[in-house]
Amino acid sequence: MNLIYKSTRGGEGVTASQAILKGLADDGGLFVPSQIPVLDVPVEELAKMTYQEVAYQVMKLYLTDFTEEELKSCIDKAYDSKFDAEEIAPMVYADGAYYLELFHGATIAFKDMALSILPHLMTTSARKNHVDHEIVILTATSGDTGKAAMAGFADVEGTRIIVFYPKDGVSPVQEKQMVTQKGKNTFVVGIHGNFDDAQTGVKKMFNDKELAAVLDKNGYQFSSANSINIGRLVPQIVYYVYAYAMLVHNEEIQNGEKINVVVPTGNFGNILAAYYAKNMGLPIDRLICASNENKVLYDFFSTGTYDRNRDFVLTSSPSMDILISSNLERLIYKAAGDDPKKNAELMAALSGEGKYEITSEMKEALKDFYGNYASEAETAAMIHDIYEDTGYVIDTHTAVAAAVYKKYIDATGDMKKTVIASTASPFKFARSVMTAIDEKYASMEDFELIDELSRIADVEVPKAVEEIRTASVLHTAQCDVDEMEATVKKWLNIQE
Ligand SMILES: *Cc1c(COP(=O)(O)O)cnc(C)c1O
């Protein structure tokens, strides 16, 4: 029997492959499985498996309309030598916690864990549903997602990807990563506007029925690679199962022993995957949600009110600078007892007044979560202290999680073994990381800092960073905000 995916705002029932192709449901809701499947392989078996084998055991429970051959082929194409660690997601013990390193893929951030398989899931889904159009992935990015999505879709047959980024709103390393992207099917455009302008422009194109008809006539259809796609959530469940099995394998925990998980959170995709893993039967106790100074989620978990009406703070962990955590909707829907009407009301309040309040019953349903946040100073101090004490260097996002974990222990005294999701390589945020370790690094150039980081951490400079040192710029396109649609049409060779 196929697992059916429903919208969090209505009744739409589709298969997994259809949900992956559509991205968002027609009513604006997010696709959720009608029930969360139960892990049906004993942990002692999983403990003997490779990452790819665990991935198959987990993903087959969600993507039930994929054949074994299809799914295994997607997994093998995604988790190969693009990753610079054989374990794909290795674990490092430091300073009282297990750091699950999710940054060994092509763009050295955790988004590679899902975006290296999504293109294969999508082309397989297209084939299964007899889609003969070329799939055009439209993406607005504030820096990280665009690069990871392009790296995943580059030269994948039957797809094209176009990324819009704010011309003056990303870091020099992020821009260099994007404009040097190879692949005949990739296209990068800097827009004269900010990230919100890019995102609004992309959403407008998605919802434009006339544009959809023009694309259809020309043999194209749009799809989305952002984190609301169920094809990004499911691959993220895998590494929590893998981490638990690895802890059992290494005799760090007894089989069945409960662990805690700490996740540096922005759009709520990664921690939601941990929640799904727990609901599949994995012995996870608390889900610790770590925010930076944009602490909407901390306030939500402590008060039951989600309120985005506040100033947006630019922090040293930019991938968590976000005031609307899209994936939280899937949790709200669950907490509301799988009630799409109740969820839709709350989401309408969010888009209207920018806030909503949940009932005390719903709050009770969220008691597995603990939320807290770290200030910029606490984040920097964490990087400094862990390096001084252990020699291990963590990035700014991971440091937010580590600082929140300390607060959690202080508040609860709970000493269960704990996995911290390490979401980016420190090389990606070398300046913030190095100046946290020692102010004297402030005067160094970017690549000097990278070489110095390599030296003090005793870690080789990752390939992704080496490449941009010398790579040539391949994309120079720019446009105004109101030219985005024309830019897409021109690139796709569509005549007006
Ligand atoms: C995207 C990102 C996050 C936040 O993950 P969500 O799934 O959006 O909560 C944290 N750290 C890094 C490095 C990221 O790129």
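Computed from a predicted model, the values in this text were never measured in an experiment. Values below: all heavy atoms of this structure, side chains included; hydrogens, waters and symmetry mates excluded. Note that ligands are numbered from 1 as they come in the structure, with each ligand's atoms numbered from 1 the same way.
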**Q** How far is atom 4 (C) of ligand 1 from its nearest protein heavy atom, and which residue and atom is that?
**A**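 Going atom by atom, the protein heavy atom closest to atom 4 (C) of ligand 1 ends up being G266 N, 3.5 Å.
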**Q** What pairs meet the ring-ring contact (aromatic ring centres under 6.0 Å, His included) rule with one or both residues in residues 312-331, with sequence neighbours excluded?
**A**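 For residues 312-331, and leaving out neighbouring residues, there are no ring-ring contact (aromatic ring centres under 6.0 Å, His included) pairs at all.
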**Q** If you measure only the distance, is there a donor-acceptor pair under 3.5 Å linking the side chains of Y240 and N270?
**A**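 Checked: Y240/N270 side chains pair up, N/O donor to acceptor below 3.5 Å.
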**Q** Select one of side chain, backbone, both or neither to describe which atoms of D144 lie under 4.0 Å from any atom of ligand 1, heavy atoms only.
**A**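 Only the side chain of D144 comes within reach of ligand 1.
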**Q** Return the closest protein heavy atom for atom 8 (O) of ligand 1 as residue, atom name and distance.
**A**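 Closest protein heavy atom to atom 8 (O) of ligand 1: N267 N, 2.8 Å.
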**Q** Using the side chain to side chain contact (heavy atoms under 4.5 Å, CB included) rule, pick out the option among L46, I237, N279 that qualifies with L39.
**A**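 Looking at L46, I237, N279, the match for L39 under the side chain to side chain contact (heavy atoms under 4.5 Å, CB included) is L46.
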**Q** Got the closest protein heavy atom to atom 11 (N) of ligand 1, with its distance?
**A**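 That would be T423 OG1, 2.8 Å.
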**Q** Where does K428 meet ligand 1, judged by heavy-atom distances below 4.0 Å: at the side chain, the backbone, both, or neither?
**A**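 For K428, there is no contact with ligand 1 at all, from either part.
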**Q** In the protein, which heavy atom is nearest to atom 15 (O) of ligand 1, and how far is it?
**A**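 Result for atom 15 (O) of ligand 1: K111 NZ, 2.5 Å.
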**Q** Could you find the nearest protein heavy atom to atom 3 (C) of ligand 1 and give me its residue, atom name and distance?
**A**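 Heavy-atom neighbour on the protein nearest atom 3 (C) of ligand 1: F110 CE2, 3.7 Å.
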**Q** Below 4.0 Å from ligand 1: does a non-hydrogen atom of P264 turn up there or not?
**A**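 Right, P264 reaches ligand 1.
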**Q** Find all atoms of ligand 1 within a distance of less than 4.0 Å from any non-hydrogen atom belonging to G269, and give their numbers and elements.
**A**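 Result: 6 (P), 7 (O), 9 (O).
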**Q** Looking just at side-chain N and O atoms, do Y51 and E87 make a donor-acceptor pair shorter than 3.5 Å?
**A**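 The criterion, which ignores hydrogens and geometry beyond distance, is not satisfied for E87 and Y51.
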**Q** Considering all heavy atoms of both residues, which atom of L3 and which atom of Q35 are nearest to each other, and what is their separation?
**A**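 Looks like CD1-O, 3.5 Å.
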**Q** Considering heavy atoms of the protein only, find what lies nearest to atom 7 (O) of ligand 1 and give residue, atom and distance to 0.1 Å.
**A**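 Ranking protein heavy atoms by distance from atom 7 (O) of ligand 1, first comes N270 N, 2.9 Å.
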**Q** Which residues satisfy the salt bridge (Lys or Arg N to Asp or Glu O under 4.0 Å) test with D80, sequence neighbours excluded?
**A**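 For D80 the salt bridge (Lys or Arg N to Asp or Glu O under 4.0 Å) partners, ignoring immediate neighbours, are K82.
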**Q** Should you measure from each heavy atom of T265, which atoms of ligand 1 turn up under 4.0 Å away?
**A**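 Near T265, the atoms of ligand 1 are 9 (O).
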**Q** Below 3.5 Å, N or O to N or O, backbone or side chain included: is there any such pair between A109 and ligand 1?
**A**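 N/O-N/O distance under 3.5 Å: no.
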**Q** If only side-chain N and O atoms count, and only distance matters, is there a donor-acceptor pair under 3.5 Å linking E329 with T8?
**A**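 Per modelled atom types, T8 and E329 side chains form a pair under 3.5 Å.
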**Q** Short N/O distance, under 3.5 Å, between F268 and ligand 1?
**A**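 F268 vs ligand 1: N/O contact under 3.5 Å present.
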**Q** Enumerate the atoms of ligand 1 whose separation from the nearest heavy atom of A424 is less than 4.0 angstrom.
**A**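 Selected atoms, number and element: 13 (C).
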**Q** Tell me if the OH atom of Y373 is crowded by more than 12 foreign heavy atoms within 6.0 Å.
**A**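 Open: at most 12 neighbouring heavy atoms sit under 6.0 Å from OH of Y373.
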**Q** Are the side chain of Y79 and the backbone of M113 linked by a donor-acceptor contact shorter than 3.5 Å?
**A**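 Here the side-chain-to-backbone pair exists.
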